[in-house]
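Following: one structure in structure tokens, then a few remarks.
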Amino acid sequence: MQLVIAEKPSCALAYAKVLGANEKKKGYYQGNNYIVSWCYGHLVGLAEPENYDNKFKQWKNVPVIPSRWLYEVKENTRSQFEIVKNLMNHLTVDSIVNAADAGREGELIFRHVDEMSGCRKPVKRLWLSSLEDTAVKEGSEHLKDGSYYENLYKSALCRERADWIVGMNMARFFTVLYNSTKPLTIGRVQTPTLALIVERDKQISSFTREKYYTVALNCGAFNCESERFTDLAEVESITQKCNLSHAVVGNIVKEEKHINPPKLYDLTALQREANRLYGYTAQQTLEALQRLYDNKLVTYPRTDSRYLTEDMANTARNIIDIIKERFDFAKAAANEPNISAVMDNSKVTDHHALIPTANIKTADFEKIITTDRQILYLIAERLLTATAERCIYEDTKVFLDCQGVKFIAKGKTAVNIGFKEIEKTFVGSVIKTENEKPDNNKNNLLEISEGNSFAVTAKLVEHYTSPPKPFTEDTLLATMENAGNGDYDTDEVERKGLGTPATRAGIIETLINRGYVERKGKNLISTDKGKNLIKIMPERLCSPKMTAEWENRLVLVSKGQADSEAFMKDIADFVKSVIETTSVEDSMKDFFNEREVIGACPRCGNNIYEGKLNFYCGNKDCGFILWKENKFFSSKKKSITKPIAAALLKNGKVRFKDLYSEKTGKTYEADIILDDSGGKYVNFKIEFPKKSKR
């Protein structure tokens, strides 16, 4: 019997239906000599630092760099792990199929379960780009040996462990170094991404607006404009001279230009477009895509390719025909698509570009939630535009002279609108957005000839230089994708940028959830907390170049072209170097200390803070502590509250009117005096108020 292990229940159900495993059991399906079970994402994860050594319970003990890695089953999914483990080791199971998602993380999810289960049975790999029945059936008939993906697994291990080493150690080190009341979270990709946002916000806040001027001429059928001027008196003089005079056409430059159709979507490109047009976050787009994939309406979501393989020509043509049949906006598409424009085997690695599946032919679009439907429309529209004709237009520049001043008029004339016709129809019928930029080049320059003279009116126009725009998810994803590219030749690296298409949405959400970044409308703005974190970070932890280099090496490991052990050694050396070379000035030690100061320590003068059981000195070498519950106060049926602690620290004493006497059982009025002699425990004494003399 063959055991098929999927990454999640929805995928397991899709496999079970095709394989004929129709009998539902607890945690798996069975039938037709197959068992199909599932994970819930990661069932097994890295153990906590204290599992290696009890000393690592204290965050000051860094670095934590295991020589032998420990893993543990996640408690919230332990029951499903036990089901999968028992199935893997069952006597009736003779072989296992790794049917986790076809990518680096899916490989890791299965391998950890396989290792933790202690199973040593042969493993085959099911690698799919679609959950369509035909794709599952074909994939099941062409399984590869699990060892074929050994390098991909090594790359996944390196990614997991590198992120753990960097994140765990840097969070602990900087949290302790700066006496932060809350853990500071630092990551291999997260921190450089935050640095990009902080730097953009800094550019905006420090931007100084500058004024400049132009002279605009109204020539009747068209308008033209001068170059920039900064001297107001000069531009006022030009405006006065040109007004109600004539402008004469000098030379006319015409150039035929073309715009190629856009490429198909990979995940990042789709997330950018969905943010620009619909305002969806990267995470919302990824979740919508995942639902569409689970419902067999689109191909594998987490792809980084924008091309199809050359053997998919008939598939693409068939889906285009279905799109034309099912979608109104497709009526603008040409009769014969240029399929070859989207085919390139050399640019497809694990998965091809995002396209709809043939299941859209019978899908009831009205039953699909709005978010998912809109994402599906985008993917369908892109397959049409990517295979449409290029847009050809004539670009015209007319140079004029008015009173010795040079002016220019610009215009465009469509020769063949090509794929732009589909885009225009799509925007008008499906998106109905107001985000599209207006066409400012509508001057009618067709009838103009050299030497023509035009009566004009002149107007002085004020302009201001503009600051950089805040990041949106669209522009941040683009920057993450290309971060560090300028440091390499075009073909020097396999993958550049921060993160991967599969992880970028999660990185953005993490920054927001941890309070380093906030959304303001579509914009992503760094918070004071985020700015402060980047302020204390060493430059190399913020470097996109370094992170891009690491990601590139991970890709090379997956191809068997780089050594995984060398990669991990470099990561460990990097962390050790940061810890050994980073220090903090005394004035910055409490930079992230959000604790309320109760008072000043009577021994060393440092701040006193409130803990769960006591009030303690922030100077760890001091040892001054006021315990909330102590024998002296308890004997008088009192405890040290925050107001009492503050009064003791400020005045050295506190007046009570109802202190309990163990001897008499009555209450009395007295002052409790802080009588600290510098020992392990703080002492107190009673002082009765002096009686007033009559």
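Listed by chain and residue number, Arg159, Arg188 satisfy the salt bridge (Lys or Arg N to Asp or Glu O under 4.0 Å) test with Asp163 (two or more places apart in sequence, or in another chain). With sequence neighbours excluded, the residues that form a salt bridge (Lys or Arg N to Asp or Glu O under 4.0 Å) with Glu509 are Arg519. Legend: residues meeting salt bridge (Lys or Arg N to Asp or Glu O under 4.0 Å) with Lys569, ordered by chain and number and at least two apart, are Asp573.
Here the shortest heavy-atom pairing between Ala282 and Leu477 reads CB-CD1, 4.0 Å. Closest non-hydrogen pair, Pro470 versus Ile204, comes out as N-CD1, 3.5 Å. Nearest heavy-atom pair, Cys158 versus Ser564, reported as atom, atom and distance to 0.1 Å: SG-CB, 3.5 Å. When all heavy atoms of Asp201 and Leu524 are compared, the pair lying nearest together is OD1-O, 4.3 Å. Between Leu217 and Ala247, the shortest heavy-atom contact is CD1-CB, 4.2 Å. Residues Ala502 and Leu286 come closest through the heavy atom pair O-CD2, 4.4 Å.
A parallel orientation is assigned to the rings of His463 and Tyr212, their planes being inclined by less than 30° (bins at 30° and 60°). Between Phe426 and Phe329, the ring planes are perpendicular. Angles over 60° get that label, and only those under 30° would be called parallel.
Within the 3.5 Å criterion, the main-chain N or O of Ser526 finds a donor-acceptor partner in the side chain of Lys531. Checking side-chain atoms of Lys522 against main-chain N and O of Arg276 turns up a donor-acceptor pair under 3.5 Å. Side chain of Arg382 to backbone of Lys263: a donor-acceptor contact under 3.5 angstrom is found. In this structure a side-chain-to-backbone donor-acceptor pair under 3.5 Å is present from Thr299 to Ile355. Here the side chain of Ser180 pairs no donor or acceptor atom with the backbone of Val176 at under 3.5 angstrom. Judged purely by atom type and a 3.5 angstrom limit, Thr191 has no side-chain atom pairing as donor or acceptor with the backbone of Ile186. One N or O on the side chain of Thr425 and one on the backbone of Glu421 form a donor-acceptor pair closer than 3.5 Å. Between the side chain of Thr503 and the backbone N or O of Thr500 there is at least one donor-acceptor pair closer than 3.5 Å. For the pair Ser558 (side chain) and Ser155 (backbone), a donor-acceptor distance under 3.5 Å is absent. One N or O on the side chain of Arg306 and one on the backbone of Leu264 form a donor-acceptor pair closer than 3.5 Å.
In this structure, Trp550 CH2 and Phe574 CZ are separated by 4.5 Å, a value rounded to the nearest 0.5 Å. Between the CG atom of Leu152 and the CG atom of Asp350 there is a distance of 6.0 Å, given to the nearest 0.5 Å. To the nearest 0.5 Å, atoms CD1 (Ile512) and CD (Glu473) are separated by 6.0 Å. Put simply, CG on Leu460 and SG on Cys242 are 11.0 Å apart, with the number rounded to the nearest 0.5 Å.
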- Test side chain to side chain contact (heavy atoms under 4.5 Å, CB included) applied to Tyr178 and Asn532, step by step: CA-CA 11 Å; Tyr178 283 90; Asn532 288 340; over 6 Å; no
- Item | Derivation of the side chain to side chain contact (heavy atoms under 4.5 Å, CB included) call for Arg540 and Ser577 | CA-CA 11 Å; Arg540 49 190 169 164; Ser577 174; 2.9 Å; yes
- Item | side chain to side chain contact (heavy atoms under 4.5 Å, CB included) evaluation trace for Leu541 with Phe174 | CA-CA 12 Å; Leu541 273 172; Phe174 284 100; 3.8 Å; yes
- Task: Please test Leu378 against Leu277 for side chain to side chain contact (heavy atoms under 4.5 Å, CB included), starting from the C-alpha separation and ending with a verdict.
- Result: CA-CA 10 Å; Leu378 279 177; Leu277 295 176; 3.9 Å; yes
- Task: Begin with the C-alpha distance, continue with both residues' side-chain angles, and end with the deciding distance and a verdict on salt bridge (Lys or Arg N to Asp or Glu O under 4.0 Å) for Lys420 and Glu423.
- Result: CA-CA 5 Å; Lys420 290 284 186 181; Glu423 284 188 348; 3.7 Å; yes
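At least one side-chain heavy atom of Leu157 sits under 4.5 Å from a side-chain heavy atom of Leu108. Using a 4.5 Å cut-off on side-chain heavy atoms (C-beta onward), Phe222 and Leu400 make contact. Residues Ile259 and Phe419 form a side-chain contact, since some pair of their non-hydrogen atoms from C-beta on lies under 4.5 Å apart. In this structure the side chain of Ser305 never reaches within 4.5 angstrom of the side chain of Asp266, judged on heavy atoms. Residues Thr370 and Arg373 form a side-chain contact, since some pair of their non-hydrogen atoms from C-beta on lies under 4.5 Å apart. Taking the side chain as every heavy atom from C-beta outward, Leu270 and Leu289 approach each other to under 4.5 Å. Using a 4.5 Å heavy-atom threshold, the side chains of Cys224 and Val398 count as separate. Looking only at side-chain heavy atoms (C-beta outward), Leu445 and Ile252 stay at 4.5 Å or farther from each other.
Looking only at atom types and distance, the side chain of Thr214 has a donor-acceptor partner in the side chain of Glu225 under 3.5 Å away. A side-chain N or O of Tyr516 and one of Thr185 form a donor-acceptor pair less than 3.5 Å apart. Inspection of the Arg200 and Thr475 side chains reveals no N or O donor paired with an N or O acceptor under 3.5 Å. For the 3.5 Å distance criterion, the side chains of Arg504 and Gln271 fail to qualify, holding no donor opposite an acceptor.
Residue Lys459 places its NZ atom among 12 or fewer non-hydrogen atoms of other residues, nucleotides or ligands, all under 6.0 Å distant. When the shell of 6.0 Å around CD of Gln240 is examined, it contains 12 or fewer heavy atoms from other residues, nucleotides or ligands. Within a 6.0 Å radius of CD in Glu273, more than 12 heavy atoms belonging to other residues, nucleotides or ligands are found.
Under the 4.0 Å criterion applied to side-chain N and carboxylate O atoms, Glu462 and Lys211 are assigned as salt-bridge partners. Salt bridge annotation for Lys254-Asp395: absent, with no cationic side-chain nitrogen under 4.0 angstrom from a carboxylate oxygen.
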